[in-house]
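The structure appears below as structure tokens.
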Amino acid sequence: MMNRTAFIKFGGTTSFLLHSLSSFQFGTHTASLHSNVSSLIHKITNLNDALNLFDEMSHTRPLPSVVHFTQLLNAVTKMKHFSSSLHLFNQMCAIGVPVDKYSMSIAIKCCCQLYRSKDGFALLGCCFRRAIPPNVYIFNALLDGLVLEDRILEAEMLFKKLIKQKLCEPNVVTYNTMIKGLCKFGNNVTALALLRLMEQKNCKPDIVTYSTIIDSLCKDKLIDDAFKLFKEMLFEKGILPDVITYTSLIRGLCNLGRWDEASKLLKEMEDENISPDVQTFTVLVDAFCKEGKVEEAEAVINIMIERGKAPDLVTYNSLIDGYCLRGEMIKAKKLFDSITLRGLVPDVVTYSSLLNGYCKNLNIEKAEQMFREMSGKGLKPDVVTYSTMIQGFFQVGRCVAARKLFDEMHAQGQIPNECTYGIVLDGLCNNHLVEDALSLFHLVGNSKLNSNVAVYNILIDGASKNGKVDIARVVFQGLTDKGLQPNVRTYTVMISGFCQEGLLGEAKLLFLKMDESGCPPDDVTYRVLLQGYLKNRHYDDVEMLLQEMDDRGYSLDASTLSLFIDDIAAGLLDRSMLKLLGKLVPKELLNDPSLCDWE
DNA sequence: CTAGGGTTAG
């Protein structure tokens with residue numbers, strides 16, 4: 001806590017306060033403080049001013065009222081200085097300001113926003129002891145805290161308890177917070193059910209309710225459902241969408257590559273006089289970059305600047321990623337270096353993006369350099385940074401370095417997640433260390449990490465590629481034994497493994513099982529099986545498979561197609577198959593010169 | 001004097 005001396009030292013930026021406060025610094029005009037305090041609080045723009053004003057207030061006798069202290073507390077909280085705000089709250093208690101439900105609710109909110117909902121609940125206990133009946137604001141803050149910490153079951157329990165024990169009447173914010181939690185865990189169905197419950201209970205869903213669910217549907221690529229809800233909101237409830245609603249929908253469309261509709265929606269929102277903001281533009285930049293359309297992303301940034309919406313760190317992080325994806329590392333680094341010139345400070349994501357770019361482009365030394373540099377700047381590498389770097393080491397065959405970093409990650413308190421685990425298993429397999437991957441897999445045993453099909457897909461693929469199809473078969477069996485459902489990819493990698501070993505009978509059997517199991521083969525499965533057949537000169541089922549592909553609307557890829565052409569040229573396959581093959585050539589390959597000379 | 005929804009990295 002800063003004292004008065006420190007305040008003087010900081011000087012300069014707070015001169016208006018000094019001036020305003022000078023009237024009572026010598027204890028002569030305390031009355032003027034009380035009348036001025038609200039206006040002083042409104043002028044607060046930084047933490048130092050707030051802390052010093054608090055200091056002044058706490059030395060004033062009689063003490064300013066709890067309302068004034070709470071106003072100040074609120075100002076600090078709005079600046080997101082949650083721990084300072086909590087500190088001030090504690091000071092208030094210590095100097096005997098009688099805290100009320102308002103200050104309590106702010107303090108609880110601060111605990112929760114700091115991922116310390118446990119302390120929030122402790123304060124709830126204080127409410128009861130001090131005969132401050134907790135209100136809906138307090139419970140909403142606690143509910144939000146649980147959601148923030150991903151403690152969704154406890155959030156649901158609290159929500160139900162509020163209603164059952166009539167602790168408070170849940171309002172639209174309570175519902176919205178619970179819905180946000182459900183959406184965060186991908187439970188759109190229950191979120192929607194809660195929206196319906198609101199209607200029943202006469203607690204009108206509002207734009208936040210709708211936007212939250214619409215956003216979640218978009219994230220799950222359920223864009224049609226999202227628009228259905230959007231129309232319901234607009235036409236049945238008469239709620240007008242705002243910039244947030246539009247941004248979610250635009251992102252949903254962009255992520256599905258439906259650019260035309262996205263730009264139509266962008267135009268629609270501008271027609272409604274809703275201006276896209278920095279986040280809307282950033283969504284566009286990010287989507288373009290992910291598609292490799294960096295020029296379009298740059299154009300969006302230029303539009304932003306023209307319109308006076310300064311791109312922020314997130315915008316630039318996305319663009320860095322876009323350059324990295326295209327292997328344009330010089331541009332990526334140049335942008336990285338220019339971020340500081342724009343008055344922005346690179347964060348963990350910025351560093352991780354560039355580091356990822358260097359890894360993906362196999363410049364591991366530069367990646368390591370970024371890794372060291374960020375630590376030097378006081379930025380702590382997080383799970384993503386570590387995972388990226390570990391993957392980079394594996395990609396260049398530096399398995400020992402990968403292992404060392406994995407251990408360091410543990411030591412630094414960064415817990416590997418599913419993705420890290422997958423990277424390690426994949427890395428080991430790709431470096432011919434299938435046995436090590438299996439040992440790790442068995443070591444992990446029955447934990448949650450091993451209940452993900454992706455893990456099995458990696459091991460089956462890895463074992464097969466190392467010529468250990470027997471191990472792959474055992475892992476595949478283990479997956480079903482565990483009650484997990486293989487997905488298309490699982491079947492496909494297993495079939496690919498069988499084909500590699502010339503076990504076409506087993507491949508075919510598994511292929512046939514897919515439809516039976518309600519997991520129909522996709523175009524990749526067909527290509528894998530066809531390649532297996534062709535490479536093994538097994539032509540019996542080929543024509544039938546091609547016909548099925550045509551029926552299902554699938555197409556061939558360039559490499560499978562060239563195998564066919566080679567076999568036809570060698571007279572191994574009949575030219576009559578060309579007609580069928582012609583139907584399976586994807587549009588983008590039609591102008592490929594290497595495929596022009598057949599027929 | 002107190003509350004809620006949208007953007008980035010593996």
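All of these numbers come straight from a predicted model, not from anything done at the bench. Residue numbering restarts at 1 for every chain, and letters A, B, ... go by the order of the sequence lines.
Side-chain N/O atoms of Asn317(A) and Thr350(A) include a donor and acceptor closer than 3.5 Å.
Relative ring orientation between Trp259(A) and Phe288(A) is described as parallel, the plane-to-plane angle staying below 30° on a 0-90° scale split at 30° and 60°.
Considering only side-chain atoms of Thr70(A), the nucleotide from dG6(B), dA9(B), dC1(B) that sits closest is dC1(B). Of the listed nucleotides (dG10(B), dA3(B), dG6(B)), dG6(B) has the atom at the smallest distance from the side chain of Thr247(A). Each of dT8(B), dT7(B), dT2(B) was ranked by its minimum atom distance to the side chain of Val349(A); first place goes to dT8(B). Comparing atom distances between the Cys419(A) side chain and each of dT8(B), dG10(B), dT2(B) picks out dG10(B) as nearest. Checking dA3(B), dA9(B), dG10(B) against every side-chain atom of Gln391(A), the shortest atom distance belongs to dG10(B). The Gln71(A) side chain lies nearest to dC1(B) when the options are dC1(B), dT7(B), dG10(B).
Donor-acceptor pairing under 3.5 Å, judged by distance alone, is absent between the side chain of Thr212(A) and the base of dG5(B). In terms of polar N and O atoms assigned as donor or acceptor, the side chain of Ser211(A) comes within less than 3.5 Å of the base of dG5(B) in a complementary pairing. At a cut-off of 3.5 angstrom, counting only N and O atoms as typed in the model, there is a donor on one side and an acceptor on the other between the side-chain of Asn171(A) and the base of dA3(B). Side chain Asp277(A) to base dG6(B): a donor-acceptor pair is found below 3.5 Å. Residue Asp242(A) places no side-chain atom within donor-acceptor reach of the base of dG6(B), judged by atom type and a 3.5 Å distance cut-off alone. Evaluation of atom-type donor-acceptor distances gives a pair under 3.5 Å for the side chain of Thr280(A) against the base of dG6(B).
Residue Ile138(A) is out of contact with every strand shown, counting any heavy-atom pair closer than 4.0 Å. Lys360(A) comes within contact range of the sugar-phosphate backbone alone, with a heavy-atom separation under 4.0 Å but no base atom that close. If you check every strand for non-hydrogen atoms under 4.0 Å, Val172(A) touches a base. Here Val383(A) lies in heavy-atom contact (under 4.0 Å) with a base. At a threshold of 4.0 angstrom between heavy atoms, the contacts of Val283(A) are confined to the sugar-phosphate backbone, with no base atom among them. Looking at heavy-atom distances under 4.0 Å, Val243(A) makes contact with a base. Across all strands, Asn140(A) comes closer than 4.0 Å to base atoms (heavy-atom distances).
Counting heavy atoms from C-beta on, the side chains of Thr315(A) and Asp312(A) come closer than 4.5 Å.
If you measure from atom CD1 of Ile239(A) to atom C1' of dG5(B), you get 12 Å, rounded to the nearest angstrom. In this structure, Ile301(A) places its CD1 atom 15 Å from P of dT8(B), rounding to the nearest Å. The separation between Met409(A) atom CE and dG10(B) atom C1' is 10 Å, rounded to whole Å. Between the CD atom of Gln279(A) and the P atom of dG6(B) there is a distance of 8 Å, given to the nearest Å. Between the CZ atom of Phe230(A) and the P atom of dG5(B) there is a distance of 20 Å, rounded to whole Å. Distance, Phe336(A) CZ to dT8(B) P: 20 Å, rounded to whole Å. In this entry the distance linking CD1 of Ile214(A) with P of dT7(B) reads 14 Å, nearest Å.
A side chain to side chain donor-acceptor pair (under 3.5 Å) with Ser85(A) is found for one member of Asn90(A), Thr77(A), Asn74(A) and no other, namely Thr77(A). Screening Asp220(A), Asp150(A), Asp144(A) for a salt bridge (Lys or Arg N to Asp or Glu O under 4.0 Å) with Lys184(A), the sole residue that qualifies is Asp150(A).
Listed by chain and number, the residues in a salt bridge (Lys or Arg N to Asp or Glu O under 4.0 Å) with Asp224(A) amount to none (sequence neighbours excluded). In this view, Ala75(A) and Ile41(A) satisfy the side chain to side chain contact (heavy atoms under 4.5 Å, CB included) rule, not counting sequence neighbours.
The phosphate of dT2(B) has neither OP1 nor OP2 within less than 4.0 Å of any side-chain N or O from Lys109(A). Proximity of Asn356(A) to the phosphate of dA9(B): no side-chain N or O atom is located under 4.0 Å from OP1 or OP2. Taking only side-chain nitrogens and oxygens, Lys290(A) comes nearer than 4.0 Å to OP1 or OP2 of dA9(B). Distances shown here put a side-chain N or O of Lys78(A) below 4.0 Å from the OP1 or OP2 atom of dA3(B).
A ring-centre distance under 6.0 Å is found for Phe159(A) and Tyr175(A).
A distance-only check finds a donor-acceptor pair linking the side chain of Asn361(A) to the backbone of Gly357(A) [under 3.5 Å].
Ring stacking is absent between Tyr102(A) and dT2(B), as the pair misses the limits of under 5.5 Å between centres and under 30 degrees between planes.
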Let me see the working for Tyr386(A) and Glu408(A) under side chain to side chain donor-acceptor pair (under 3.5 Å), right down to the final yes or no. CA-CA 9 Å; Tyr386(A) 277 109; Glu408(A) 185 194 315; 3.2 Å; yes
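At a non-hydrogen distance threshold of 4.0 Å, Val314(A), Asn317(A), Ser318(A), Asp321(A) from residues 305-326 of chain A come into contact with DNA chain B.
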